[in-house]
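As structure tokens, the structure follows; a few thoughts come after it.
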Amino acid sequence: MNFFNDLQERIKVALEAMIGDGTLPGGLDLGAVAVEPPRDPEHGDVATNCALVLAKAAKMKPRDIAEPLAARLAEADDVVSADVAGPGFLNLRMTDGFWHARLAEVLTGGTEYGRSDLGATSGKVNVEYVSANPTGPIHVGHARGAVYGDALASLLEFSGFDVTREFYINDAGAQAEALARSVHMRYREALGEDIGDIPSGLYPGEYLRRLGEDLAETKGDAWKSAPEGDWLEPIRSQSVDTMMAMVRGDLDALGIVHSVFSSEMELVRAGRVDALIAELLGRDLIYEGTLDPPKGKEPDDWEPREQSLFRATQFGDDVDRPLKKSDGSWTYFATDMAYHEDKIARGFETLIVVLGADHGGYTKRVNAIVEALAGDKVKMDVKLCQMVKLLRGGEPAKMSKRAGQFVTVRDVVDEVGMDVMRFIMLTRRNDAQLDFDFDLVMEQSRENPVFYVQYAHARCYSVLKKTQSAMPDVDLSAAALAKADLSRLTHASELALMKSLAGWPRTVESAALAHEPHRIAFYLRDLASHFHALWTKGKEDGSLRFLIDGDTELTLARMALVRGCMTGLAVGLGIIGVTPVEELR
RNA sequence: GCGCCCGUAGCUCAGGGGACAGAGCAGCGGACUUCUAAUCCGCAGGUCGGAGGUUCGAAUCCUCCCGGGCGCGCCA
């Protein structure tokens, strides 16, 4: 369906024919031949650099390759012209009929338009995202990674990859214990004790009060002054479960559902960390050694300590990494090694991990793990999402009503809605910082991309509805419109819209391969722009309106274009999880 | 000190080996009184942070420098 691929095939066939008749020497590598939209639409519809790429190996001037190739390609019925330009580019211009055929594909494709089997042979893909500590509600800072990961997973699925959406629960570390201690304090509080301020290092959030109260109800004062060893584990376990239920609820408010939740604690309990470390010891990838303190930022309490270290430097990391804390428990890194080993054992061939930018320093480490465990058999891609700056009235929004609290995803979704939250999070590349302006995102104007795109979709819906009531007898279903006489669509603005729609499969493919779902959001804004332009043309020139009294045939052709556009918008919005609304309030 | 990310129009950002570097906002000038008003068109705006290098060709790849962000054992 990606017509650039089809044309690439045609060009290769033509090149091979030229090799066959001696115009070109044999043995050329056609792999570097690119077929893509020219930067400047004035140059044509499709451009290829093949003459430039092949010139050296063929020992020919680019033009001597491009001109006979152009002559061959120009013979095709759907090619208007094939011109050699600039240093040796070959530009193709396609007939209107070619674009009409693309529009028909949109209509017959429907919600599947642009779906491909691109990833069918790539093996299983694991997308791990959010993976927030189960110690409280989801913070707005997590939302970007959540939306990014979710949209990326959808994008990959749409492109034929076998995708698993995974959440890693960090329930075995010090944070989970701090949660348990915090809940224990709330429990004592519920029993009437004056606990004063929650000590630093513990979680002061009000949301833990309820857990303390529940404990007081079920346990009475049994754990009130009992030693920590009696209650730490049961409270940890129970609190993590409660927090995870809350986290899932928060994610649900964002329209995000993971299919696999992996528990760090379960890996530890199943002995997976010990087993892996034994294996790595056997491979001499773990040794006893002492680390130097980091230069330039030496911690005050640094004590040289001989400990077990993983030879991460053999796999591109900057230093070897410790496996045990001084209290004997595993470091985060040690259990994460076991977690990645587990993912690999489950048969994933591509691992994508979405992290906040503040975890950037972890990238090399996790790459080192995967390389050590799977070599180049498993591809690892750590995606960092930069921070989101919340703005209100141009000023930084208050991140806290009071110290210790934070803006939750739930708060923001309640205020602006899921669609706005999701779309805005994809209006920047993941590695660029993002401003989230509460005033702007609620505005109904062109400046607000969510509104702009949804408005285009609503306009499509509206004009179809209007036409149906004006012409009750016509069939405006996609299947019927695909058979309309599309040759009536000849205006430059109509063709521009069809070309934009025809570019969708290529956009999806490239976004999927690059792991960049923001390209979908940018595409949608561009598609919407073409539609709005055509709409306004109809206001300036009555003959360009979609609904033409007395010319049912033309009206049907234009309805096909409108429905095609609506389909394109809906499919794209679907991938990023935004509702294609039928009307605006 | 070291590592990673970023530096593109006044502002916010696309483009990540190809042709004259694009869009939105802000500025200026127009169109549209409606198939839902919030839409559209045009003008103006640039040493792609700087300097070298690779290449037929560099905003894009490499090296160094400058500037900003993040991180740098027993947090995750």
Side-chain angles (χ1 to χ4, degrees), chain A residues 32 34 36 38-40 42-43 47 49 52-53 55-56 61-62 85-89 91 131-133 135 168 170 173-176 178 201 264 290-299 301-305 307 309 317-329 331-333 335-336 355-364 382 384 386-387 427-429 431-435 437 440 443-449 451-452 455-456 458-467 470 514 518-519 522 525-526 529 532-540 545-548 558 562 583-584:
Chain A
E36 52 198 3
R39 175 165 290 186
D40 184 346
E42 291 294 307
H43 293 141
N49 62 356
L52 293 163
V53 172
K56 200 171 206 175
K61 289 181 186 165
F89 287 101
N91 294 321
S131 296
N133 281 334
T135 55
Y168 181 48
N170 297 128
Q175 304 301 320
E264 180 184 11
T290 306
L291 287 175
D292 293 331
K295 292 201 167 55
K297 198 210 164 194
E298 190 161 339
D301 59 346
W302 180 269
E303 288 173 25
R305 180 165 78 88
Q307 56 184 332
L309 299 170
D317 201 356
D318 302 318
V319 291
D320 292 335
R321 299 295 174 179
L323 302 174
K324 278 192 176 175
K325 305 177 195 171
S326 50
D327 69 359
S329 63
T331 57
Y332 176 82
F333 177 71
T335 51
D336 206 34
L355 297 173
D358 53 340
H359 290 71
Y362 197 70
T363 306
K364 283 190 179 178
V382 178
L384 300 177
Q386 282 290 337
M387 295 295 126
T427 52
R428 293 285 179 270
R429 277 168 48 181
D431 50 9
Q433 190 172 299
L434 168 69
D435 289 346
D437 188 325
L440 177 61
E443 213 172 273
Q444 300 206 333
S445 78
R446 166 158 209 163
E447 285 176 67
N448 178 356
F451 165 77
Y452 187 75
Y455 184 39
R459 273 183 158 176
C460 288
Y461 179 82
S462 164
V463 72
L464 281 165
K465 199 166 92 176
K466 183 93 179 177
T467 302
H518 76 273
R519 295 190 194 188
F522 279 90
R525 187 152 47 175
D526 187 60
S529 163
H532 286 308
L534 184 55
W535 177 288
T536 305
K537 281 259 170 13
K539 292 203 288 184
E540 292 162 1
R545 292 166 84 88
F546 296 116
L547 171 53
I548 302 292
R558 289 190 173 157
V562 170
E583 53 193 343
L584 296 162

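Order of the sequence lines sets the chain letters (A, B, ...), proteins ahead of strands, with each chain counted from 1.
B:rA59 and B:rA9 have their P atoms separated by 15 Å, with the value rounded to a whole Å. Taking atom C1' on both nucleotides, B:rG17 is separated from B:rA58 by 7 Å, rounded to a whole Å. Annotation: B:rC62 and B:rG22 have their P atoms spaced 25 Å apart (nearest Å). B:rG18 and B:rC61: their P atoms are spaced 10 Å apart (whole Å). Atom P of B:rG10 sits at a distance of 25 Å from the matching atom of B:rC66, rounded to the whole Å. Going from the P atom of B:rC56 to that of B:rC43 covers 38 Å, rounded to whole Å. On the C1' atoms, B:rU12 is 15 Å away from B:rC6, given to the nearest whole Å. As rounded to the nearest Å, B:rG1 and B:rC11 have P atoms that lie 29 Å from one another.
Between A:V562 and A:R459 there is no side-chain heavy-atom pair separated by less than 4.5 Å. With contacts defined as side-chain heavy-atom distances shorter than 4.5 Å, the pair A:E264/A:Y168 qualifies. For the pair A:N448/A:Y455, no side-chain contact is recorded, criterion being any heavy-atom separation below 4.5 Å from C-beta on.
Among the protein residues, A:A514 comes within range of no part of the nucleic acid, since none of its heavy atoms lies under 4.0 Å from any strand. At a threshold of 4.0 angstrom between heavy atoms, the contacts of A:A85 include nucleobase atoms, whether or not backbone atoms are also involved. Contacts of A:K364 with the nucleic acid, taken as non-hydrogen atoms under 4.0 Å apart, involve only primed sugar atoms and P, OP1 or OP2. Among the protein residues, A:D317 comes within range of no part of the nucleic acid, since none of its heavy atoms lies under 4.0 Å from any strand. Among the heavy atoms of the strands lying under 4.0 Å from A:L547 is at least one base atom, whether or not backbone atoms are also near. Using a 4.0 Å heavy-atom distance criterion, A:G360 is classed as making no nucleic acid contact. Contacts of A:P38 with the nucleic acid, taken as non-hydrogen atoms under 4.0 Å apart, include base atoms. Residue contacts shown for A:S462 include a base, since a base heavy atom lies under 4.0 Å away.
At whole-Å resolution of the value, CG in A:L384 and P in B:rG69 are 18 Å apart. Here the P atom of nucleotide B:rG1 and the CG atom of A:D292 are 18 Å apart, to the nearest Å. Here the P atom of nucleotide B:rC72 and the OH atom of A:Y362 are 13 Å apart, to the nearest Å. In this structure, A:H532 atom NE2 and B:rC41 atom C1' are separated by 15 Å, rounded to whole Å. Atom CG in A:D358 sits roughly 15 Å away from atom P in B:rG69 (whole-Å rounding).
A pairwise comparison of heavy atoms in A:S326 and A:R305 identifies N-NH2, 3.6 Å as the closest pair.
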(request) Could you check A:D435 against A:R428 for side-chain contact (heavy atoms from CB on, under 4.5 Å), going step by step and ending with a plain yes or no? (result) CA-CA 9 Å; A:D435 289 346; A:R428 293 285 179 270; over 6 Å; no
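Taking the side chain to side chain contact (heavy atoms under 4.5 Å, CB included) definition, one finds that A:L384 meets it with A:L355, A:T363, A:V382, sequence neighbours left out. Considering only residues two or more places apart in sequence or on other chains, A:D431 meets the side-chain hydrogen bond (donor to acceptor under 3.5 Å, both in side chains) condition with A:R429.
Remark: ring of A:F89 overlaps the six-membered base ring of B:rA19 in a stacked fashion, centroids less than 5.5 Å apart, planes less than 30° apart. Aromatic stacking is marked for A:H43 over B:rA19, as both cut-offs hold: 5.5 Å for the centres and 30° for the planes.
Side-chain atoms of A:D40 come within 3.5 Å of backbone N or O of A:E42 as a donor-acceptor pair. A donor-acceptor pair under 3.5 Å is absent between the side-chain atoms of A:T290 and the main chain of A:P304, judged by distance alone. Side-chain atoms of A:T467 come within 3.5 Å of backbone N or O of A:V463 as a donor-acceptor pair.
A donor atom on one side chain and an acceptor atom on the other are not found under 3.5 Å apart for A:T135 and A:Q175.
In this model, the phosphate group of B:rA38 is approached by a side-chain N or O of A:R459 to a distance below 4.0 Å at OP1 or OP2. Under 4.0 angstrom from either OP1 or OP2 of B:rA38 there lies at least one side-chain N or O belonging to A:Y455.
With the 3.5 Å cutoff on both pairing distances, Watson-Crick and G-U pairs in RNA chain B assemble into runs of at least 3 at B:1-7 with B:66-72, B:10-13 with B:22-25, B:27-31 with B:39-43, B:49-53 with B:61-65.
Heavy-atom nearest nucleotides on RNA chain B were determined for A:D318 and for A:Y452, and the one closer to the 5' end corresponds to A:D318.
Checking B:rU36, B:rA19, B:rC75 against every side-chain atom of A:K466, the shortest atom distance belongs to B:rU36. When each of B:rU36, B:rC35, B:rC72 is scored by its nearest atom to the side-chain atoms of A:P294, the top-ranked nucleotide is B:rC72.
A cation-pi geometry, defined here as NZ or CZ lying under 6.0 Å from the six-membered ring centre and within 45° of its normal, holds between A:R525 and A:F522.
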(request) Would you give a per-nucleotide map of nucleotides 27-33 of chain B, 5' to 3', where B means the base has a protein non-hydrogen atom under 4.0 Å away, S means only the sugar-phosphate does, and - means neither? (result) ----BS-
(message) Within the 4.0 Å limit for protein heavy atoms, which parts of nucleotides 8-14 of chain B are touched? Write it as a string from 5' to 3', B for base, S for sugar-phosphate only, - for none.
(response) ----SSS
(message) I'd like to compare against my own output: the B/S/- annotation of nucleotides 54-61 of chain B with a strict under-4.0 Å heavy-atom distance to protein.
(response) --S--B--
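The base of B:rA38 does not come close enough to the side chain of A:N448 for any donor and acceptor atom to sit less than 3.5 Å apart.
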